[in-house]
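Position 1 is the first residue of the sequence; numbering continues from there.
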Amino acid sequence: MFFTDDSEVKIIGKEAFSHSSISTISFPKSVSEISDGCFSFCYNLETIEVPEDSQLKTIGNDSFSGSSIINISIPKSVTKLGRRSFYGCYNLKGVEFSAESQLNTFEEETFSMSSIEKVSIPFQIRTINENVFAGCSNLKVV
């Protein structure tokens with residue numbers, strides 16, 4: 001699913017695409033919030049594209065839980081990654097954060113039960129809550 005370049009979508013609502021067969025999403029830079037459960041259990045969702053100059057601030061609780069995402073780049077504008085945002089993303093290998101990340105907390109179980117192999121924790125992170133990387137048996141480098 002692709003939005004037009006001139007899209008003015010700001011918020012993608014709670015569970016808007018949950019359990020759908022969407023395989024790719026390319027967000028317009030205007031999106032500021034991906035609400036709770038928005039793309040949860042989208043088993044075909046492998047590719048997420050977020051522009052570097054994105055206005056995205058919030059990735060809600062369970063927003064991508066159970067999806068098949070392989071890699072994700074979190075733009076510098078993101079200030080909140082909700083609980084279990086990427087929980088159970090068994091194909092998730094890589095997470096990249098901007099060097100200028102504004103994120104300062106990893107909420108509970110953010111990446112639990114994923115296949116992350118390597119993660120660079122942004123300098124600004126002050127709190128890593130419970131079970132953030134629990135069950136990430138492929139995680140070798142932090």
Side-chain angles (χ1 to χ4, degrees), residues 1-129 131-136 138-142:
M1 181 170 95
F2 295 92
F3 290 90
T4 60
D5 290 338
D6 60 348
S7 174
E8 294 184 19
V9 172
K10 301 250 185 257
I11 297 172
I12 300 178
K14 185 177 179 181
E15 299 180 6
F17 295 94
S18 180
H19 293 87
S20 72
S21 60
I22 190 170
S23 61
T24 300
I25 180 79
S26 180
F27 294 104
K29 66 181 183 178
S30 61
V31 170
S32 63
E33 180 180 332
I34 297 170
S35 299
D36 296 352
C38 194
F39 295 95
S40 61
F41 305 104
C42 290
Y43 301 116
N44 297 322
L45 181 57
E46 292 182 348
T47 305
I48 299 173
E49 297 172 2
V50 183
E52 276 188 41
D53 61 346
S54 172
Q55 296 173 22
L56 183 60
K57 298 259 185 243
T58 302
I59 297 176
N61 299 336
D62 298 300
S63 48
F64 294 98
S65 292
S67 68
S68 295
I69 300 166
I70 298 168
N71 293 297
I72 180 97
S73 291
I74 309 292
K76 65 182 178 183
S77 58
V78 172
T79 58
K80 180 182 181 191
L81 274 180
R83 292 182 321 258
R84 298 176 310 277
S85 316
F86 298 96
Y87 179 90
C89 292
Y90 300 116
N91 295 326
L92 183 61
K93 303 278 187 235
V95 178
E96 186 176 312
F97 294 93
S98 167
E100 301 167 359
S101 176
Q102 296 178 32
L103 189 64
N104 62 23
T105 301
F106 283 149
E107 297 294 339
E108 294 86 356
E109 302 178 296
T110 305
F111 300 104
S112 287
M113 305 304 291
S114 69
S115 295
I116 292 177
E117 298 170 351
K118 176 182 172 184
V119 65
S120 292
I121 297 175
F123 174 76
Q124 298 80 353
I125 292 290
R126 297 289 180 253
T127 305
I128 298 175
N129 282 301
N131 300 313
V132 170
F133 297 103
C136 294
N138 294 330
L139 183 60
K140 293 180 180 45
V141 179
V142 177

Do [X] and [Y] have side chains that approach each other closer than 4.5 Å (heavy atoms only, starting at C-beta)?
X      : Y      : value
Asn104 : Thr127 : no
Val95  : Phe111 : yes
Ile11  : Ser35  : yes
Ile48  : Phe64  : yes
Ile121 : Phe97  : no
Phe27  : Ile12  : yes
Ile25  : Phe17  : no

Taking [X] for the side chain and [Y] for the main chain, is one N or O donor matched with an acceptor at less than 3.5 Å?
X      : Y      : answer
Ser115 : Tyr90  : yes
Ser32  : Lys57  : no
Ser68  : Tyr43  : yes
Ser77  : Leu56  : yes
Ser85  : Thr110 : no

(message) Distance alone, cut at 3.5 Å: any donor-acceptor contact between the side chains of Ser65 and Ser40?
(response)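 Checked: Ser65/Ser40 side chains show no N/O donor-acceptor pair below 3.5 Å.
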Could you state the interatomic distance from [atom1] ([X]) to [atom2] ([Y]), rounded to the nearest 0.5 Å?
X      : Y      : atom1 : atom2 : value
Thr47  : Ile72  : OG1   : CD1   : 10.0 Å
Cys89  : Ile69  : SG    : CD1   : 4.5 Å
Phe86  : Ser63  : CZ    : OG    : 5.5 Å
Cys136 : Glu117 : SG    : CD    : 11.0 Å
Asp62  : Glu109 : CG    : CD    : 9.0 Å
Ser20  : Leu45  : OG    : CG    : 7.5 Å

(request) Any chance you could lay out the side-chain contact (heavy atoms from CB on, under 4.5 Å) test for Val119 and Phe133, step after step, and finish with the verdict? (result) CA-CA 10 Å; Val119 65; Phe133 297 103; 4.0 Å; yes
(request) Mind running side-chain contact (heavy atoms from CB on, under 4.5 Å) on Val50 and Val78 for me, showing each step along the way? (result) CA-CA 11 Å; Val50 183; Val78 172; over 6 Å; no
(request) Please step through side-chain contact (heavy atoms from CB on, under 4.5 Å) for the pair Leu103 and Ile125, ending with a clear verdict. (result) CA-CA 6 Å; Leu103 189 64; Ile125 292 290; 3.9 Å; yes
(request) State whether the number of non-hydrogen atoms from other residues, nucleotides or ligands found under 6.0 Å of Lys93 atom NZ is greater than 12. (result)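 More than 12 heavy atoms, drawn from other residues, nucleotides or ligands, come within 6.0 Å of this atom.
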(request) Tell me, please, which residues at least two apart from Glu100 pass salt bridge (charged side-chain N to carboxylate O under 4.0 Å, His left out). (result)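 Partners of Glu100 under the salt bridge (charged side-chain N to carboxylate O under 4.0 Å, His left out) test: Lys76.
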(message) Using the rule side chain to side chain contact (heavy atoms under 4.5 Å, CB included), only one of Glu108, Lys14, Arg83 pairs with Asn61; which is it?
(response)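 Running side chain to side chain contact (heavy atoms under 4.5 Å, CB included) over Glu108, Lys14, Arg83 with Asn61 returns exactly one hit, Arg83.
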